[in-house]
Amino acid sequence: MTKVNKLKSALILGVTGQDGALLAEELLSLGYKVYGGFRRGLSSKVWRLEELGVLDQLEMININLHEPHQVMEAITTIQPDHIYHFAGESFVSDSFHQPYSNIAANTVGTLNVLEAVRISAPDARLFFASSSEIFGGTEPGKILTEESKFLPSNPYGVSKLAAQNLVNIYRNRFGVHAVCGIMFNHTGPLRARNFVTRKITYNLARLRIDGGSAMVLGNMEACRDWGSAADYVRSMPKVLAVNAPHDFIFATGKLTSVKTFLRLAAEAAGFVPIFENEGLSSTCRDKPSGQKLAEVSERYFRVIDTPPHVGSSARLKKTINYVGELTVQNIAEEMMKADLDRRTDGRLNV
Ligand code: GDD
């Protein structure tokens, strides 16, 4: 690891994921020396960094957040000005099957980062990606703020809330400059395929170009406050530049159903989607050809699905003048284009 003193430096934990890769691109464009933390064997896929053309500009470091000494050693050596912590488990429904891994990765992993910062890099500024899942089923129908009650309804939400509480303790008790981004669902072309938005665009590209069987979804009526990952990530360095650390909601304040997202993406792929039947019998077809695009199976319904809620980014707007640029329709169109291009080029494993 080489430390370049004249540049501002940033360490991104979880650099191979959607947000990590986008932030790496952003920080490089801002002139930062960027260290990319990844966990070998688990999330060592670098396709996003390759697609963005930034892999060879990063210094990649294998850091397993479960190993306190590894985290400590990396942070001590690099002495980053900024640390962005995205590493951990992010698929909500897995957390019911692997609660221990969730808590270990998201809560204990974050604790190890906080301890390393407190002891060896007390001047570093830390951004921690928390989640809207900390709200769970709280205050139905209300627009959620940073002051809303936290009531997680799955182990993932618990792991993020515990980590967020630790961040707050280290900020208040030890003076660590640590910020939590309470991230509502955010997506874009670099989303992983297990999340519903990318599952939809990946499969629509397959159906458009190669045909085959319809995609199988879970609850099409489920709704989320979907924002643009690119919009959110671009504002993170601005949040860390603010001298008073705080927690910030990243949200659009608008709800969209899975069905609407499917319609927007299908239209962007050149289909004319029509929906038939209800519940488990719901289907989506292309009207002119009759091609079946999507159907529903109980297999993808969740034991407990977090109810729809929207967040207010008022604090973010007030503090850094945040304005999101992309609507859900823009996002669906961008994602659709990326997946059609990838399939045309034969890049199917991303
Ligand atoms: N994954 C998936 N697959 N979800 C489906 C499907 C399907 O086939 N069909 C319907 N859904 C519904 C889910 O039940 C859920 O209500 C919604 O689509 C979104 O699911 P995901 O895309 O898996 O995301 P999430 O909202 O559970 O979690 C994401 O957002 C959180 C922040 O709000 C993740 O990015 C989390 O890491 C993040 O914290």
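Start at 1 and go down the list; that is how both ligands and their atoms are numbered. Since the model is a prediction, treat every value here as computed from it, not as a measurement.
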Aromatic ring proximity Phe96/Tyr156, centre distance under 6.0 Å:
no

Can you pull out the closest protein heavy atom to [atom]? Residue, atom name and distance to 0.1 Å, please.
atom	result
atom 6 (C) of ligand 1	Val196 CG2, 3.4 Å
atom 8 (O) of ligand 1	Lys199 NZ, 2.8 Å
atom 23 (O) of ligand 1	Arg302 NH2, 2.7 Å
atom 35 (O) of ligand 1	Arg191 NH2, 2.8 Å
atom 9 (N) of ligand 1	Gly218 N, 2.8 Å
atom 38 (C) of ligand 1	Tyr156 OH, 3.6 Å
atom 29 (C) of ligand 1	Asn185 ND2, 3.5 Å
atom 37 (O) of ligand 1	Ser90 O, 2.6 Å

Atoms of ligand 1 less than 4.0 Å from [X] heavy atoms?
X	result
Met183	32 (C), 33 (O)
Ser131	31 (C), 32 (C), 38 (C), 39 (O)
Asn219	9 (N), 10 (C)

Hey, what's the ring geometry for Tyr232 with Phe250, parallel, tilted or perpendicular (30° and 60° as the breaks)?
perpendicular

What class does the angle between the rings of Phe248 and His246 fall in, given that below 30° is parallel, 30 to 60° is tilted and above 60° is perpendicular?
perpendicular

Do we get Arg343 above Tyr202's six-membered ring, with its NZ or CZ under 6.0 Å from the centre and within 45° of the axis?
yes

Does the cation-pi check pass for Arg208 over Phe271, that is, NZ or CZ under 6.0 Å from the six-membered ring centre and within 45° of its axis?
yes

Quick check: Tyr300 and ligand 1, any N/O pair under 3.5 Å apart?
no

Does CG in Asn321 sit with more than 12 non-hydrogen atoms of other residues, nucleotides or ligands closer than 6.0 Å?
no

Are there over 12 heavy-atom neighbours, none belonging to Glu278, within less than 6.0 Å of that residue's CD?
no

Going by atom types alone, do [X] and [Y] pair a side-chain donor with an acceptor below 3.5 Å?
X	Y	result
His85	Thr110	yes
Asn106	Ser159	yes
Glu133	Thr306	yes

Taking the minimum heavy-atom distance to [atom], which of [options] ranks first?
atom	options	answer
atom 16 (O) of ligand 1	Thr306, Asp225, Asp305, Ile200	Asp305
atom 33 (O) of ligand 1	Ser95, Gly157, Ser132	Ser132
atom 28 (O) of ligand 1	Val258, Asp19, Val92	Val92

Against Trp226, only a single residue in Thr252, Thr260, Val258 fulfils side chain to side chain contact (heavy atoms under 4.5 Å, CB included); can you say which?
Val258

Where on Arg224 is there a heavy atom closer than 4.0 Å to ligand 1, on the side chain, on the backbone, on both, or on neither?
side chain

If you measure from each non-hydrogen atom of Glu221 to ligand 1, which part falls under 4.0 Å: side chain, backbone, both or neither?
neither

When you measure from the heavy atoms of Phe91 to every atom of ligand 1, does any distance fall below 4.0 Å?
yes

Close approach of His309 to ligand 1, heavy atoms, under 4.0 angstrom
no

Looking at Arg118 and Glu115, is there a salt bridge between them, counting it only when a charged N and a carboxylate O are closer than 4.0 Å?
yes

